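A short write-up of the structure that comes next.
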Amino acid sequence: MAVYSKHPASAPPEPPVREKTGHIMLRGWCIFVLFMSLSGTAWVNAFGELPTAVITIAGGVLSAVLWIVVRPPVQWRRLPWFVVAYVAWATLSLVWSAWPQTTAVTLLLLYITTLQALFIGSVLTWRELVRAVASALKWVVALSILFELWVAVFIGAPILPGFVVDKADDPIEYWSRNNLFDFPGRLQGIMGNANLLAPVALLAVVVFAIRLASGAPRRTFLWIWIGLSTYLFVRAGSATAYLAAAAVAVVLVTVLLMRTATKPGERTKYYVAYALVGVGGLVALWLLRDTIFTALGRSADLTGREAIWDAVRSRAAERPWTGWGFATPWVPSDPAFDGWIIDHGQTVMQAHNMWIDVAMQLGIIGVVLLALLYFAFVWRAWFFAIDRPRWDLRSDRPYSPLTLLPTLVGAILLVQGLAESSPLLLWGWLFVVMLGAKIKQSPHVGVGPAEQSAAIERGEAIAREDAPGREPGSEPAAPRRPAGRGA
């Protein structure tokens, strides 16, 4: 009996095109770089300053070499020019810096972080980028919990950096305070600082939720990761992080409401409501700050931060326009900072406000450049989230949950920057540069130079950005693979 088939024997269906081993390894390296930036001071606490510096510099060199080898398509005219201007002004401050050695050392960290941000944004697609961030955050969350568990079960006492078990003059010196089973004691994770752990845990909740909404596999495990991240966020007990979480909620609700608008001018009422909630929230926070911070277990002056701000503003006023020289973070061994501001017996390494910090380092010009940088980032991130992907006459393409990440990250960093200077370095600076550059290079999910580069790596045909009918995030049809081709 004859058997008929829709697929002739000469053209059997083919399996999906597999990624090359090189691209998989490249993505693994990006995960490691993201983990280094997110874990921050964990490397210094575990291995010391010199090994951490060697790893950081070597990582920057390796990423530069990989960038040259991979040669991803880059639209050079669409670089984040405000980032370039800020870095250039920080470099120029070497000419008048009052602490040239500190400026040189911290500039190297700024260069490496900026390079890594641009590198990751150029070699990974939007989906790969969010997936890589999620993987790095899983390592931070898992190691933080395992570290606290190890201290509680096997050490049974607080430990100092370098795995030293000894009594400190002040609890602020401890890497872990052994609070895992001591409620409501604050957890510090692998960073050794609850105020650094909390925003990373909040970021983890955001990223895992976005992965969940985008239909990522292994959803049960994603829910578990969200639960673990929330646990760390609550146990870290950071008042600033709680306010950042409230800002994330307001921004998320507003974006989702904006996406429901179908007529011109319909978004106006949401913008008015958003402005009222934002201004009203700031006024309420100022008027009720005593009650709010007392409820959060903090003093109204944000645990002594006002005294730090006054000291930094006084120094900034002496050089208002150009500042004293780039220094992010402050190097405590430098005579200009050693013993200048003391908190809990330790030399302070930041102004605990990124705007005041930049005003002291780079003056009014630096503050303006940073403000323009953040304004450009927030502007692009906002419309990246609320506008439908569109590059032709079609206006009904679906929204992607991945487009929420930049604007929610912006909300976290802007609130955190009011009480911390950490958005100026490590993961804060890396994410602003990485996501801002990524939006400029690939303004639609699935369309852009990095997406083209990934398709080239997999041996696929390249579709133009303006190809009609192409869906955001869709993959172009793959040509038939020649026999015997390796993975």
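This is a predicted model, so every value here is computed, not measured.
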Can you pull the salt bridge (charged side-chain N to carboxylate O under 4.0 Å, His left out) pairs that have at least one residue in residues 400-429, sequence neighbours excluded? R305-E420
Using a 4.5 Å cut-off on heavy atoms from C-beta on, say whether the side chain of V74 contacts that of L118. no
Side-chain H-bond candidate by donor/acceptor type, H23 with E128, under 3.5 Å: yes
Would you call the rings of F377 and Y374 parallel, tilted or perpendicular if under 30° counts as parallel and over 60° as perpendicular? perpendicular
Just grab all the salt bridge (charged side-chain N to carboxylate O under 4.0 Å, His left out) pairs involving residues 248-261, residues at least two apart or on different chains. none
What's the verdict on ring-ring contact (aromatic ring centres under 6.0 Å, His included) for W89 and Y86, showing C-alpha distance, side-chain angles and the deciding distance? CA-CA 5 Å; W89 181 248; Y86 180 83; 9.8 Å; no
Any donor-acceptor pair under 3.5 Å linking the side-chain atoms of R186 with those of N195? yes
Side chain N45, main chain M191, donor-acceptor under 3.5 Å: yes
side-chain hydrogen bond (donor to acceptor under 3.5 Å, both in side chains): pairs with one or both residues in residues 137-148, sequence neighbours excluded: E148-S176
Does some side-chain heavy atom of W309 sit less than 4.5 Å from a side-chain heavy atom of R313? yes
Sub-3.5 Å donor-acceptor pair from the side chain of Q116 to the main-chain atoms of G59, do we have one? yes
Which side-chain N or O atoms in residues 358-369 pair as donor and acceptor under 3.5 Å with protein atoms at least two apart or in another chain?
from, atom 1, to, atom 2, distance (Å)
Q361, OE1, A327, N, 2.8
Q361, OE1, T328, OG1, 2.8
Q361, NE2, A327, O, 3.0
Q361, NE2, T328, OG1, 3.2
Q361, NE2, D357, OD1, 2.6

Is any side-chain heavy atom of L137 closer than 4.5 Å to one of W225? no
Centroid-centroid under 6.0 Å between Y242 and F233 rings: yes
Quick one: does R27's side chain have a donor or acceptor within less than 3.5 Å of a partner on A132's backbone? no
Examine distances only and state if a side-chain atom of S238 and a backbone atom of A241 form a donor-acceptor pair shorter than 3.5 Å. yes
According to the side-chain hydrogen bond (donor to acceptor under 3.5 Å, both in side chains) rule, which pairs have a member within residues 424-435, sequence neighbours left out? T114-W429
Are V312 and W330 side-chain neighbours, meaning at least one heavy-atom pair lies under 4.5 Å? yes
Would you confirm whether W67, through its side chain, and V123, through its main-chain N or O, come within 3.5 Å as a donor-acceptor pair? no
Testing L62, I112, T56, I120 one by one against V33 for a side chain to side chain contact (heavy atoms under 4.5 Å, CB included), which residue passes? I120
Results of ring-ring contact (aromatic ring centres under 6.0 Å, His included) for F375 - residues two or more places apart only: W379
Check whether any side-chain N or O of S93 sits under 3.5 Å from a backbone N or O of F326 as a donor-acceptor pair, and report yes or no. yes
